[in-house]
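For reference, the structure discussed in these notes is given below.
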Amino acid sequence: MKLTQVDFQERRDRLAAQMGPNSIAIIATSPVAMRNRDADYKYRTDSSFFYLTGFAEPEAVAVIETFAEDDEDGYSYSLFCRERDREMEIWNGYRAGVDGAVDDYEADEAYAIDLLDEEIIEKLLSKEKLFYRIGQQPEFDARVAKWITTANGESRRGTAAPAQVIQLDRILDEMRLFKSEQEIALMQTASDISAQAHTRAMQTVKPGMMEYALEAELNYVFGQNGCVPSYNSIVGGGENACILHYVENNKELKDGDLVLIDAACEYEYYASDITRTFPVNGKFSPEQKALYNVILDAQLAAIDAVRVGNSYKEPHNVAVRILVQGLLDLGIMQGDIEEIIQKESFRQFYMHGTGHWLGMDVHDVGSYKQEGVWRTYEEGMVVTVEPGLYIAPDDETVDVKWRGIGIRIEDDIVATKNGPLNLTAKVVKSVEEIEALMAR
Ligand code: GLY
Ligand code: MN
Ligand code: MN
């Protein structure tokens, strides 16, 4: 199931309603990113631009205009995009063109992107407010500033640029933070494919395999389902798991080590984000198992804390307490639990947060605090829950048997009126389930 123009239009309706009369919103998509010389990265449209338009081509700008309060037409939606061009399409692929923008993407007006500088001035004149995503793209910011100067140069006509410029991301980010049923369904599909990929990795891994070869097993599942990774995959064997953003993935996986995989795909522009840690040879050592179970207990309790009305920080606080108690019980830390929590000395072993918003972007938009206070979970918010412990290989404060073990467990959780909904439950995570799967 994909989103349709009805969904994108409903989002534009909601944005226009929040803009008030005599306003204009300008939303540009991402520029093409070059990999080297004339080879570009595969294009990925800007999430907020796609959220409003469903349009995935590069070089596109959406403009939403509201008019006088008594205007019955409501608002107007213009799409500036690449024109159809037989020669360019033979080389670089299909374009919707201005006709497609109107016929297939429901634009009220469509223009060639080359006409943007010219056409936008007329649209800016006489508007009171400009809604713009300030700071996303420095080069586009400079263009917008120039349009404002040009429009103000028209003051002798009795018109000028909008007097107010408002940070559009504040509105869009808040809209995107709350996922509809359809968005959750897309995230469930992304999660199911990612769960399948992790399951395949558990079934395929064996001592002597290279980390990149295991990454290839994940990519096989993503690719077979028409998906791409939603972020760079982390496949870290042994002590590489202690490097939080390890993406080299170029070492050999060794007998007796764990492997940490933080990898997931996006489906129809909606991300998933999964981490599993499991033994390369299929069997946890006593130390690996003991530490793993501390993290699993912390993760299960933290997931249970993703409840409507709870503070955003509640899962983190719940996880930290269980992790610290576990570190004390295992003799990895010494001291008083309250003091360790208060001074955050657990950061020696747990140095990242317990989660983040998840949506079209893996670290999704949406504020975490409102007026300086952590916000509370509301229905439709999606958050990751990803506690871990990382014992550095050279940490001489810890018994040698623990050193070089890095473990994280990560799932994607929706806050619902019926409690936490785990989108990524289809990949196993208890010691027993993992060992059973790997023994098959
Ligand atoms: N995969 C990125 C993260 O877990 O935040
Ligand atoms: Mn994450
Ligand atoms: Mn992750």
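None of these values were measured; they are calculated from a predicted model. When a ligand or atom number is given, it counts from 1 through the structure's own listing order. Each residue takes its place number in the sequence, starting with 1.
- At a 4.0 Å heavy-atom cut-off, the residues surrounding ligand 1 are Tyr231, Asp262, Asp273, His356, His363, Glu386, Glu410, listed by chain and number.
- Applying the salt bridge (Lys or Arg N to Asp or Glu O under 4.0 Å) test between Glu57 and each of Arg82, Arg84, Arg95 identifies Arg82 as the sole match.
- Residues passing the ring pair (Phe, Tyr, Trp, His ring centres under 6.0 Å) test with Tyr390 are His352, sequence neighbours excluded.
- Under a 4.0 Å N-O distance rule, the pair Glu268/Lys2 qualifies as a salt bridge.
- When the ring pair (Phe, Tyr, Trp, His ring centres under 6.0 Å) test is applied to Phe284, the partners found at least two apart in sequence or on another chain are Tyr292.
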Could you please spell out the steps behind the salt bridge (Lys or Arg N to Asp or Glu O under 4.0 Å) verdict for Glu183 and Arg11?
CA-CA 13 Å; Glu183 290 179 290; Arg11 293 167 175 179; 3.3 Å; yes
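- A distance-only check finds a donor-acceptor pair linking the side chain of Gln299 to the backbone of Val385 [under 3.5 Å].
- At a cut-off of 2.8 Å, His356 is counted among the residues with an N, O or S atom near the Mn ion (ligand 2).
- Side-chain atoms of Thr277 come within 3.5 Å of backbone atoms of Arg408 as a donor-acceptor pair (strictly under, hydrogens ignored).
- Gln348 and Asp395 form a side-chain donor-acceptor contact under 3.5 Å, judged by distance and modelled atom types alone.
- In this structure, Tyr51 has its ring center no closer than 6.0 Å to that of Tyr269.
- Only protein N, O or S atoms were considered, and those under 2.8 Å from the Mn ion (ligand 3) are Asp262 OD1, Asp262 OD2, Asp273 OD1, Glu410 OE1.
- For the pair Arg375 and Tyr312, the cation-pi test (distance below 6.0 Å, angle within 45°) is failed.
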